[in-house]
Amino acid sequence: MEKYNHQKIEEKWQERWTKEKLYEHKDEPEKKKYYVLDMFPYPSGDGLHMGHTESYTASDIIYRFKKMQGYDVLHPQGFDSFGLPAENYAVKTGIHPEKTTKKNTDNYLRQMKMLGLGHDLKNLIYTSDPSYYKWTQYIFGKFFQNGLVERKMDKINWCPSCQTSIANEQVVDGRCERCKTKIEQKEVLGWFFKITDFAEDLINDLDKLDWPESTKKNQKNWIGRSEGSLLKFPIFNFQFSNDEKIYAGKKNKIGEITVFTTRPDTLFGVTYLVVAPEHSLIENEKIRIKNYDEVEKYVRQAKNKTERERIENKEKTGVELKGIKAINPANGEEVPIFVADYVLGEYGTGAIMAVPAHDNRDYEFAKKFKLKIKKVISGKNISEEIYTGEGKLINSGKFDGMESEKAKKKITEFVGGEITSNYRLRDWSVSRQRYWGCPIPIVYSPEGEAKFVGEENLPWLLPKDVDFTPTGESPLKKSKELKERTEKLFGQNWIPEVDTLDTFVDSSWYFLRYPDTKNEKEFCAPEKLKRWLPVDLYIGGAEHTYLHLLYARFFIKALKKIGLIDFDEPFLKLRHQGMVLDKNGVKMSKSKGNVVNPDEMVSKFGADATRMYMMFAGPLEDDVMWNEEGVKGVYRFLEKVWNLFQNYKLVLNSEEQISKELSFLLNKTIKGVTEDIEELKFNTAISKLMIFINNIKNKKLSKTVIEKFLILLAPFAPHISEELWERMRNKKLIFLEKWPTYDPELIKEETIEMVVQINGKVRDRIEASVNISDEEAKKLAISSEKTQKYISGKKIKKVIFVAGRLVNIVIE
RNA sequence: GCCGCGGUGGUGGAAUUGGUAGACACGAGGGACUUAAAAUCCCUUAGAUGAAAAUCUGUGCGGGUUCAAGUCCCGCUCGCGGCACCA
């Protein structure tokens, strides 16, 4: 008997499939379409990791399954190939990112083939390729022309030593992750996409998506809608007599502060206002603020902190703006105004009304600065002076006795405020002071006016004459070619934009390109968009919940608004894969030295076993603990299958008649496996395949039984299935076969094991007809010997019959 | 602190969505084959009591709803992930 040689089989079929162009997509318009999409990888030097292996295997299973079910399936792949690591590598080694990228993507492609992944390699996408980023720039231009892009000040983390901007993620304890230098905050002018314009739709449309509930909830919270009111507080300048503490009374109104509050019902309890360090009031009232030096110092300190530092500082800090006061519009009371960094410039209006009696943070602040605390809502306090819930109003003039809910509206009306929604979501800053990214297709006139370079000038190429050593300025600024190009096209003294786009821009629309990757006239032909979009199934990590998935949704909504597409959500169904941990449940990382890579696993166990174990270890969305002991289990299973079916002659009986029992088992397996794959429950699908094999020993098999089983196995373990399929003397590839269907008649059971419970405890099991009547079942249950033991002499209160399952006898 | 997810045998996990808890697999123990080992095959494997039949207990903890709870509700607790003074 021939031994199962995974290496030989896998290499053979990977070559054959390529040769026979199995994965190359050909339009089959008569079939129903199915678009299954992977989150394309960033091609790092480390190659594919096990997380990719897991999610790509999952989508590959769906691809093969749907294809055999008769769908026209699009299963593309590409690379998110712009990005920082390649640039950093270039700084270190002088090797151009283009070269690194090519090397890495080639390695990824080799690994994907090695795993038996069936992507259409004739339609790959590289986001760093001009033929792709031409359309990223085209879309940017469309957004620009339609008012969805805006240029404003942005705050970035700046490392003075590395001379570069640093992502939040790379700031550790306020210091640069790499060189440990203290990070500064720097203000730069940058481009923003107005994602906040779509906040409402981004929340509401989540309801129509088949996405994990947790992901939808998280996105909702991230966008963070809150209902509240905008209220205006007039501000006055106070004239003081000689003594600072005695002022002559309110004189001139100098303006007003608008606050956003979710609790307008507590307006009467306001005892001070707070503005964020960024608030324009401070700069505007410079002359009137008597302690401006102190205020300015505080503001400077606050602004220089990173976002995280500002937040981590639990102790409340702040400075009163002396010389000006605000008036509570509800009761005319004078209240002091503070600047404090617990109020954020970017949220709401950057100013709050403080109600220390009913808000935790205001309370802490008031305690520290010895400010008045005025209770205006009656409610049960839990061990503290503050009550943050709603209730009946007190100390609120004519609103006393009113419920919070109603008072919110009435008080807002009373002071001429406006009821509104506010979002936590911020506009998306897309400018990066980097080289290896998509150039922003903008040029500036000598007067400084920004202009889109125009579709005729796309792709607006990334210049090559650039030294990427960081100097504190965008690398493209050093390109002579870019400058000359700009002047040649637009005139003397025109200057190019030198920032590049956030790589999330590249990945926000790539799935629109796949159906038409070679199109030079459009990012995708309208009829192809119509046929293929939206994506039917998207598989990828949950870490993309907030950025990528939200940005892609925004792109679709923006493109629809502009009229370039006619659907409003990109991904109808979304599933996540879990993390791959080591066998002790610890995250894999280079520093811990516990990283397992696909190359190693495939050479040891083969692609089929590696794929199958990933899928068998647990539900797709759960974390997988990579345990080689566990891989053995599926390997043994494959060996068993191999040994059983490798020889056509040994396997077959001359007669095709198979037992009732076997056809029952086969049909049940077909049903179960089909339904499980449909729901991406691959672990239980595989267990059903195992059960089938465990139960066919000593049974007479036929060609069709074995073939049907092989087709069921094929999406999970494509190589071995194809090999055995060929050995069954089939000429056509297994993946061109039809997915088997089952006969519902053949899996009907005639008898069941009916459980008899007494007070909910199982006391007996009786063989009964599936169609047993209520009355008969109860009679049978009560008359059983075992049951009698428990119920004799007791009074039966109630008997419950659940068809096809059980009888529960309730006794006293 | 807030948000999300979760806690089932020695281990990974299953459970028709309120109806037989522990499918499938790993590991472990025993046996067969072998001079021996590996591989393979067969049996046992939630815990307790028991020679056995059997009985009781059991899905993080405490309550509740129900004829019936791993599944639903309330209160805790522990673990993981994310976000962070969001007014």
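A note on names: the letters A, B, ... follow the listed sequences, proteins ahead of strands, and every chain is numbered from 1.
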Query raised in the report: Quick one: are the ring centres of A:F616 and A:F716 less than 6.0 Å apart?
Result: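 They do not qualify: ring centres at least 6.0 Å apart.
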Can you find a donor-acceptor pair, distance only, under 3.5 Å between [X] side chain and [N] base?
{"X": "A:N808", "N": "B:C67", "answer": "yes"}
{"X": "A:K316", "N": "B:C85", "answer": "yes"}
{"X": "A:R805", "N": "B:U16", "answer": "yes"}

Pick base, sugar-phosphate or nothing for [X], based on heavy-atom distances below 4.0 Å to the nucleic acid.
{"X": "A:I691", "result": "sugar-phosphate"}
{"X": "A:Y4", "result": "nothing"}
{"X": "A:Y546", "result": "sugar-phosphate"}
{"X": "A:N694", "result": "sugar-phosphate"}
{"X": "A:E753", "result": "base"}
{"X": "A:K797", "result": "nothing"}
{"X": "A:E213", "result": "nothing"}
{"X": "A:K681", "result": "sugar-phosphate"}
{"X": "A:S226", "result": "sugar-phosphate"}
{"X": "A:K786", "result": "nothing"}
{"X": "A:R225", "result": "nothing"}

**Report entry** Lys/Arg-Asp/Glu bridge criterion (N-O < 4.0 Å) met for A:K216, A:E213
**Finding:**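 Yes, this pair counts.
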Which nucleotide in [options] has an atom nearest any side-chain atom of [X]:
{"X": "A:I352", "options": "B:C86, B:U57, B:A87", "value": "B:A87"}
{"X": "A:Y347", "options": "B:A21, B:C86, B:G19", "value": "B:C86"}
{"X": "A:K789", "options": "B:G4, B:U55, B:A87", "value": "B:U55"}
{"X": "A:R424", "options": "B:A21, B:C86, B:G19", "value": "B:C86"}
{"X": "A:N221", "options": "B:A23, B:G19, B:C3", "value": "B:C3"}
{"X": "A:M690", "options": "B:G19, B:A87, B:A25", "value": "B:A25"}
{"X": "A:M625", "options": "B:U55, B:G12, B:C24", "value": "B:G12"}
{"X": "A:E629", "options": "B:U57, B:G27, B:A23", "value": "B:G27"}

Write down the distance between [atom1] ([X]) and [atom2] ([N]), rounded to a whole number of angstrom.
{"X": "A:N759", "N": "B:A68", "atom1": "CG", "atom2": "C1'", "answer": "10 Å"}
{"X": "A:W211", "N": "B:C5", "atom1": "CH2", "atom2": "P", "answer": "16 Å"}
{"X": "A:D362", "N": "B:A87", "atom1": "CG", "atom2": "P", "answer": "11 Å"}
{"X": "A:L581", "N": "B:G6", "atom1": "CG", "atom2": "C1'", "answer": "14 Å"}
{"X": "A:I693", "N": "B:A25", "atom1": "CD1", "atom2": "P", "answer": "11 Å"}
{"X": "A:K778", "N": "B:C67", "atom1": "NZ", "atom2": "P", "answer": "14 Å"}
{"X": "A:M612", "N": "B:C24", "atom1": "CE", "atom2": "P", "answer": "16 Å"}
{"X": "A:M579", "N": "B:G4", "atom1": "CE", "atom2": "C1'", "answer": "14 Å"}

For [N], take OP1 and OP2 only and decide whether either is under 4.0 Å from a side-chain N or O of [X].
{"X": "A:Y363", "N": "B:C85", "result": "no"}
{"X": "A:R361", "N": "B:A84", "result": "no"}
{"X": "A:K632", "N": "B:A38", "result": "no"}
{"X": "A:K217", "N": "B:C5", "result": "yes"}
{"X": "A:R636", "N": "B:G27", "result": "yes"}
{"X": "A:K798", "N": "B:A68", "result": "no"}
{"X": "A:S214", "N": "B:C3", "result": "no"}
{"X": "A:N683", "N": "B:A14", "result": "yes"}

Query raised in the report: Run the salt bridge (charged side-chain N to carboxylate O under 4.0 Å, His left out) check on A:E629 and A:K632 step by step: do they pass?
Result: CA-CA 5 Å; A:E629 290 299 312; A:K632 273 201 230 164; 3.0 Å; yes
Requested in this report: Quick one: classify the glycosidic conformation of B:G31 as syn or anti, with syn meaning within 90° of 0.
Outcome: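 Base orientation relative to the sugar is anti.
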Query raised in the report: Syn versus anti for B:U17, judged by chi lying within 90° of 0?
Result: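 Classified syn.
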Give none if [N] has no partner; otherwise give the nucleotide forming a Watson-Crick or G-U wobble pair with it, both distances under 3.5 Å.
{"N": "B:U17", "answer": "none"}
{"N": "B:A25", "answer": "B:U11"}
{"N": "B:C33", "answer": "none"}
{"N": "B:U49", "answer": "B:A54"}
{"N": "B:G70", "answer": "none"}
{"N": "B:G1", "answer": "B:C83"}

If I pick the [atom1] atom on [M] and the same atom on [N], what distance separates them, to the nearest angstrom?
{"N": "B:U71", "M": "B:G9", "atom1": "P", "result": "15 Å"}
{"N": "B:A21", "M": "B:U59", "atom1": "P", "result": "12 Å"}
{"N": "B:A37", "M": "B:A46", "atom1": "P", "result": "28 Å"}

Query - Side-chain donor or acceptor of A:E750 paired with backbone N/O of A:V770 under 3.5 Å - result: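 Looks like no, no N/O pair under 3.5 Å.
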Requested in this report: In sequence, state the C-alpha distance, the side-chain angles, and the governing distance for A:E767 and A:E753, and then conclude on side-chain contact (heavy atoms from CB on, under 4.5 Å).
Outcome: CA-CA 5 Å; A:E767 180 108 343; A:E753 195 185 58; 5.5 Å; no
Report task. Determine, step by step, whether A:E628 and A:K604 satisfy the salt bridge (charged side-chain N to carboxylate O under 4.0 Å, His left out) criterion, reporting the C-alpha distance in whole Å, the side-chain angles of both residues, the deciding distance to 0.1 Å, and the verdict. Result -> CA-CA 10 Å; A:E628 289 194 20; A:K604 229 172 179 165; 3.0 Å; yes
Report task. Name the residue closer to the 5' end of RNA chain B, choosing between A:L425 and A:G618 according to the nucleotide with the nearest heavy atom. Result ->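 Looking at RNA chain B, the more 5' nearest nucleotide goes with A:G618.
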Query raised in the report: 5'-most contact on RNA chain B: A:N218 or A:R763, nearest heavy atom basis?
Result: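 Comparing both residues, the 5'-ward one is A:N218.
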Report task. Look at the rings of A:H544 and A:H548 and say which category their plane angle falls in: under 30° parallel, 30 to 60° tilted, over 60° perpendicular. Result ->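 Taking A:H548 first and then A:H544, their aromatic rings stand perpendicular (interplane angle over 60°).
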Report task. Taking all heavy atoms of A:D154 and all of A:S429, pick out the closest pair and write down the distance. Result ->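 Looking at all heavy atoms of both residues, the closest pair is OD2-OG, 2.7 Å.
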Requested in this report: Kindly give the heavy-atom pair with the smallest separation between A:A340 and A:F365, and that separation in Å.
Outcome: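 So the two residues come closest at CB-CE1, 3.8 Å.
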Query raised in the report: When you measure from the centre of the six-membered ring of A:Y790, is the NZ or CZ of A:R763 under 6.0 Å away and within 45° of the axis?
Result: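 Ring-cation test returns yes.
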